[in-house]
Participant: 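Have a look at this one before I ask anything.
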Amino acid sequence: MRKLASLTGLAVVLALAGCGAPDERRAEDPLAAARALVPEDVRAAGKLTVASDLMFEPMEYVEGGEQKGFEVDLAAAVADRLGLSLEFVQTAWEDLRPAVISGKADVVMSSMTDTAKRQEEVDFVDYLNVGSSIVVRSDLAGVETLDDLCGHAVAVQAESIYQDLAESQAKRCPGGRSLRIVVVPDGKIAVLAGEADAYLHDYPIAVVAADKNPKLKVVGEQIEAAPYGIAVAKERSGLRTAIQTVLFQLFRDGTYDGLLKKWNITEGGLKTGAINGGA
């Protein structure tokens with residue numbers, strides 16, 4: 001099913017390109033077909049509005065007043081191919097999907113994992129494969145796995161896959177070694193403040209945080225790698241397909257690989273461009 005989903009948008013664009021004679025099909029520009037699928041209100045505005053919680057270096061963050069990160073660069077490449085400018089709008093995590101559903105933003109790009117539960121609200125175009133990591137205080141020993149978190153306080157972000165992981169693990173902890181879940185906006189801050197012993201976050205973000213702060217360390221292996229997705233409102237299938245088509249072009253022309261190398265996340269490369277490929 002994932003393979004079929006990954007080809008859905010491309011099939012639509014090829015169908016559009018196939019309406020003319022053979023010579024016309026060869027001359028058809030996939031990006032022109034993608035631009036034709038962009039909703040009229042987005043074309044009229046002349047920009048792609050992206051809701052994002054800009055606090056997850058190296059994916060999306062603000063430094064010196066400048067918006068930076070892999071997703072910022074990828075969104076800029078997508079917008080450029082669609083003939084649009086780009087606007088990233090700082091949005092609290094819990095408000096990201098509502099922003100797209102209500103039409104306040106065109107898409108979400110914010111290190112958001114594509115999950116079956118989230119697919120009930122929005123559609124995703126997948127572009128990266130990332131596992132979760134455990135980050136602990138550097139002086140904490142004996143923690144390598146989720147099981148080892150039993151008996152500790154673990155910070156997680158609300159409505160995140162980390163909260164789901166922690167709640168699932170808490171149910172497996174033996175009596176006398178309960179896992180206490182601390183729901184906070186930023187797990188890193190909670191651990192550094194002594195409010196928790198560990199926090200869960202996506203691997204590339206966790207590595208950067210630990211590299212920049214000697215009081216933190218990443219332990220164990222990546223957990224349950226899953227795709228990040230660009231979230232689009234379900235009724236905006238044209239925009240979803242346009243973005244997917246542009247992604248295929250970025251895969252082909254080397255732009256995507258170049259951005260992976262720039263931000264040192266080549267291990268997360270994912271070139272399916274799947275629609276709702278998460279589980």
Side-chain angles (χ1 to χ4, degrees), residues 51-63 67-71 88-100 105 108-115 117-118 121 130-173 177-226 228-229 231:
S52 185
D53 194 358
L54 292 151
M55 57 184 292
F56 302 131
E57 186 180 0
M59 303 308 297
E60 60 278 308
Y61 63 105
V62 177
E63 184 177 74
Q67 296 171 341
K68 298 181 177 181
F70 171 77
E71 292 184 324
F88 259 72
V89 179
Q90 168 59 35
T91 307
W93 176 264
E94 62 272 18
D95 294 330
L96 289 171
R97 293 192 303 281
V100 162
V108 169
M109 290 186 73
S110 192
S111 304
M112 182 169 286
T113 302
D114 172 2
T115 67
K117 182 178 180 180
R118 290 172 179 162
E121 296 182 329
V130 177
S132 299
S133 289
I134 300 170
V135 186
V136 301
R137 297 191 320 271
S138 56
D139 62 349
L140 183 65
V143 174
E144 295 287 335
T145 68
L146 287 173
D147 288 340
D148 297 331
L149 291 176
C150 296
H152 294 285
V154 179
V156 296
Q157 193 173 40
E159 297 186 25
S160 67
I161 61 170
Y162 324 121
Q163 184 173 9
D164 295 339
L165 281 172
E167 290 175 349
S168 179
Q169 179 57 44
K171 295 175 182 178
R172 296 194 293 269
C173 289
R177 293 188 63 235
S178 63
L179 187 158
R180 182 167 66 87
I181 298 173
V182 182
V183 179
V184 292
D186 190 329
K188 176 180 67 176
I189 293 175
V191 170
L192 292 174
E195 298 171 0
D197 304 312
Y199 73 95
L200 300 172
H201 219 306
D202 292 349
Y203 173 76
I205 300 166
V207 168
V208 169
D211 284 346
K212 289 193 167 187
N213 198 314
K215 294 182 179 180
L216 301 173
K217 64 180 179 182
V218 178
V219 297
E221 301 293 328
Q222 290 191 57
I223 304 163
E224 297 184 5
Y228 280 172

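This is a predicted model, so every value here is computed, not measured.
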Participant: Determine which pairs satisfy salt bridge (charged side-chain N to carboxylate O under 4.0 Å, His left out) with at least one residue from residues 196-214, sequence neighbours left out, and list them in order.
Facilitator: E57-K212, R137-D197
Participant: So, do V130 and P204 sit near enough that their side-chain heavy atoms are less than 4.5 Å apart?
Facilitator: yes
Participant: Measure the spacing between CD1 of I161 and OG of S132 and express it to the nearest 0.5 Å.
Facilitator: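 Rounded to the nearest 0.5 Å, the CD1-OG separation comes out at 3.5 Å.
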Participant: For residues L146 and I134, report the shortest heavy-atom separation together with the two atoms involved.
Facilitator: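 Shortest heavy-atom contact: N-CD1, 3.8 Å.
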Participant: What distance do M112 atom CE and S160 atom OG have between them, rounded to the nearest 0.5 Å?
Facilitator: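 So the gap between those two atoms works out to 10.5 Å.
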Participant: Which heavy atom in Y199 sits nearest to a heavy atom in V154, and how many Å separate them?
Facilitator: CA-CG1, 4.4 Å
Participant: What's the shortest heavy-atom distance between V218 and A206, and which atoms?
Facilitator: CG2-O, 3.6 Å
Participant: Could you tell me whether the side chain of S133 reaches within less than 4.5 Å of the side chain of Q222, counting heavy atoms only?
Facilitator: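 Counting from C-beta outward, Q222 and S133 do come under 4.5 Å.
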Participant: When rounded to the nearest 0.5 angstrom, what distance separates CG in D139 from NZ in K217?
Facilitator: 7.5 Å
Participant: Kindly give the heavy-atom pair with the smallest separation between A92 and D53, and that separation in Å.
Facilitator: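 It is C-OD2, 4.3 Å.
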Participant: Please list, chain by chain and in numerical order, all residues satisfying salt bridge (charged side-chain N to carboxylate O under 4.0 Å, His left out) with K68, sequence neighbours excluded.
Facilitator: E63
Participant: Might you work through the side-chain contact (heavy atoms from CB on, under 4.5 Å) test for Y228 and D114, ending with a clear yes or no?
Facilitator: CA-CA 6 Å; Y228 280 172; D114 172 2; over 6 Å; no
Participant: By side-chain contact (heavy atoms from CB on, under 4.5 Å), which residues pair with D164, not counting sequence neighbours?
Facilitator: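 Once residues adjacent in sequence are excluded, the partners of D164 under the side-chain contact (heavy atoms from CB on, under 4.5 Å) criterion are E167.
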Participant: Please report the shortest heavy-atom distance between D148 and H152, naming the atom on each side.
Facilitator: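 D148 and H152 have their closest heavy atoms at O-CD2, 3.3 Å.
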Participant: Around atom CD of E224, are there more than 12 heavy atoms of other residues, nucleotides or ligands at under 6.0 Å?
Facilitator: no
Participant: Excluding sequence neighbours, so at least two apart, what forms side-chain contact (heavy atoms from CB on, under 4.5 Å) with C173?
Facilitator: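 Only C150, Q169, L179 meet the side-chain contact (heavy atoms from CB on, under 4.5 Å) criterion with C173.
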Participant: Look at the aromatic rings of Y162 and H201 and report parallel, tilted or perpendicular, splitting at 30° and 60°.
Facilitator: tilted
Participant: Not counting sequence neighbours, which residues clear side-chain contact (heavy atoms from CB on, under 4.5 Å) with A158? List them please.
Facilitator: Q163, V183
Participant: Between Q157 and P185 (side chain of the first, backbone of the second, donor and acceptor by atom type, cut-off under 3.5 Å), is there such a pair?
Facilitator: yes
Participant: Of all heavy-atom pairs between W93 and R118, which one has the smallest distance, and what is that distance?
Facilitator: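 W93 and R118 have their closest heavy atoms at CZ2-NH2, 3.7 Å.
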Participant: Does anything in residues 181-193 form a salt bridge (charged side-chain N to carboxylate O under 4.0 Å, His left out)? List the pairs, not counting sequence neighbours.
Facilitator: none
Participant: Carefully, step by step, assess V191 and V136 under the rule side-chain contact (heavy atoms from CB on, under 4.5 Å).
Facilitator: CA-CA 7 Å; V191 170; V136 301; over 6 Å; no
Participant: Just so I know, are the side chains of V184 and I189 near enough to count as touching, which here means a heavy-atom distance under 4.5 Å?
Facilitator: no
Participant: State whether the side chain of T91 and the backbone N or O of L96 hold a donor-acceptor pair below 3.5 Å, judged by distance alone.
Facilitator: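 No, the answer is negative, given that no donor and acceptor are paired below the 3.5 Å cut-off.
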